[in-house]
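Worksheet: the structure to be examined is printed underneath.
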Amino acid sequence: MARDGSGPADSALVSALLRWYSTNERPLPWRHTTPWGVLVSEFMLQQTPVDRVLPLWEVWLDRWPTPEALATDSVADALRAWGRLGYPRRARWLHQSAVVITQQHGGEVPSDPEALRALPGVGDYTTAAVLAFAFGQRSVVLDTNVRRVVARTVHGIAQPAPHVTTAERARADGLWPRTHARSARWSAAVMEFGALVCTARQPGCDRCPVQRTCAWTLAGQPTPPVNSSRQAQYEGSDRQVRGRIMAVLRDSPRPVGVVALRAASADDAQRDRALDGLVTDGLVTRLPRGRYALPD
DNA sequence: TATCCGTGGTG
DNA sequence: TCACCAAGGAT
């Protein structure tokens, strides 16, 4: 039977997972905080597990309880506080967003989709997430968890496409509850369900409340096509060297010279390449006489 | 649009 | 051991 994403089976799915969420929701601190607290959490959670974000989010919100507080401090402060969370460009984007919020939005995280989407480091997902989780608005929150749950339970495939397609978004919109409050809660519920039960590797189908109606299970849980594009090797990569350079600069209270950066890579060409990239990305400042530092 | 961007845990 | 995975975004 063809599914258009708005039939009674979908209503049953929504109701069942909302019920599951009512007794399985983790007490994460960003469930009850300010819009700024939500925005910080969303930046930190991009491609980063919850357990690693938790302690750092507490530190950040204590130190910078408002966008203005962060905007007043330097990018270097933000990069040091980001520590080893990964993707330090997120710390810079978050700092830049804090500046924009302070200067253009009166210090308040905007609740307007266009204004949110215009902030550096804020894409389609983060825009939808802030609308739902900070402002209780209806938005179709499509993250990796949500997309996997919908792909399986509704579309009957093990994995969603590599990127969100127009058709996928349209079908999800048909599935999403119409009211603001129910939509926002559903977004959190389906995301939590994907993170805790309908996981990527070993889904807990024995604990799943919608196993009987799951399209993927009914189809015999067909395995996904083999992933043709493999993840690039990290060991020895420019990426690894960039990370090491950032670590040296974070740990140094003053600018460093090339000698200190040799610890990041003994390969002069690779080290220069990585440094150029970091300078271009605004994560490192090149000073006179061959010295380097984190940006002001 | 395919690729790049960090880091650490895991099966 | 090592490839995959984790509340993506920018170019």
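As the structure is a prediction and not an experimental result, all values here were calculated from the model. Within every chain, numbering begins at 1; the chains are lettered A, B, ... in the order of the sequence lines, protein sequences first and strands thereafter.
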May I ask you to check whether over 12 heavy atoms, not counting those of [X], lie within 6.0 Å of atom [atom1]?
X	atom1	answer
A/R178	CZ	yes
A/E58	CD	yes
A/D296	CG	no
A/Q211	CD	yes

### Message
Distance check, rounded to the nearest 0.5 Å: A/R271 atom CZ versus A/R244 atom CZ?
### Response
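A/R271 CZ to A/R244 CZ: 12.5 Å, rounded to 0.5 Å.
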Mind calculating the distance between [atom1] ([X]) and [atom2] ([N]) to the nearest angstrom?
X	N	atom1	atom2	result
A/L116	C/dG8	CG	C1'	16 Å
A/H163	C/dT11	NE2	C1'	13 Å
A/W93	C/dG8	CH2	P	13 Å
A/L196	C/dA6	CG	C1'	13 Å

### Message
Regarding A/W176 and A/S187, do their side chains bring together a donor and an acceptor under 3.5 Å, going by distance alone?
### Response
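Yes, a side-chain donor-acceptor pair sits under 3.5 Å.
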Report which part of the nucleic acid [X] touches: base, sugar-phosphate, or nothing (heavy-atom distance under 4.0 Å, all strands).
X	result
A/W82	nothing
A/R92	nothing
A/V122	sugar-phosphate

If you measure from the [atom1] atom in [N] to the same atom in [M], how many Å do you get, rounded?
N	M	atom1	result
B/dG11	C/dA7	P	15 Å
C/dC4	B/dT3	P	14 Å
C/dC2	B/dG6	P	24 Å

Please check this pair: side chain of [X] against backbone of [Y], looking for a donor-acceptor N/O pair closer than 3.5 Å.
X	Y	answer
A/Q96	A/G121	no
A/R148	A/P160	no
A/T127	A/G123	yes
A/R291	A/P255	yes

### Query
Given that A/Q233 and A/L28 both sit by DNA chain C, which one's nearest nucleotide is further toward the 5' end?
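Going by which nucleotide is closer to the 5' end, it is A/Q233.
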### Message
Both A/R230 and A/E42 contact DNA chain C. Which one's nearest nucleotide lies toward the 5' end?
### Response
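In this pair, the answer is A/R230.
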#### Entry: Runs of at least three consecutive pairs that involve DNA chain C, where pairs are Watson-Crick or G-U with distances under 3.5 Å
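DNA chain C forms these stems: B:2-5 with C:8-11, B:7-11 with C:2-6.
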### Message
Are A/V40 and A/V122 connected into the same hydrophobic cluster when the rule is that any two of I, L, V, M, F, W, Y join if their side-chain heavy atoms are below 4.5 Å apart?
### Response
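Yes, because A/V122 and A/V40 connect within a single hydrophobic cluster, where side-chain heavy atoms sit under 4.5 Å apart.
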Hey, can you pull the donor-acceptor pairs under 3.5 Å for the side chains in residues 79-89 of chain A, sequence neighbours left out?
| unit_1 | atom_1 | unit_2 | atom_2 | d |
| --- | --- | --- | --- | --- |
| A/R80 | NE | A/R250 | O | 2.8 |
| A/R80 | NH2 | A/L249 | O | 3.3 |
| A/R80 | NH2 | A/S252 | O | 2.8 |
| A/W82 | NE1 | A/G86 | O | 2.8 |
| A/Y87 | OH | A/R239 | NH2 | 3.1 |
| A/R89 | NH2 | A/D281 | OD2 | 3.2 |

### Query
To the side chain of A/R117, which of C/dA7, C/dA10, C/dC4 is closest?
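Nearest listed nucleotide: C/dA10.
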### Task
Strictly below 4.0 Å, heavy-atom distances to any atom of DNA chain C: list the hits from residues 137-146 of chain A, or just say none.
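Residues of residues 137-146 of chain A that come under 4.0 Å of DNA chain C are, in numerical order, A/D143, A/T144, A/N145.
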### Nucleic acid contacts - residues 123-132 of chain A versus DNA chain C, non-hydrogen atoms under 4.0 Å
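Here the set is A/G123, A/D124, A/Y125, A/T126.
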#### Entry: Protein-to-nucleotide contact annotation, 5' to 3' order, nucleotides 5-11 of chain B [B base; S sugar-phosphate only; - none; under 4.0 Å, heavy atom]
BBBSBBS
### Query
When A/Q103 is tested against each of A/V99, A/I101, A/V100 for side chain to side chain contact (heavy atoms under 4.5 Å, CB included), which residue passes?
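Considering A/V99, A/I101, A/V100, a side chain to side chain contact (heavy atoms under 4.5 Å, CB included) with A/Q103 is found only for A/V99.
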#### Entry: Non-neighbouring partners of A/A115 that pass side chain to side chain contact (heavy atoms under 4.5 Å, CB included), sequence neighbours left out
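Side chain to side chain contact (heavy atoms under 4.5 Å, CB included) list for A/A115, sorted by chain: A/H105, A/P110, A/D112.
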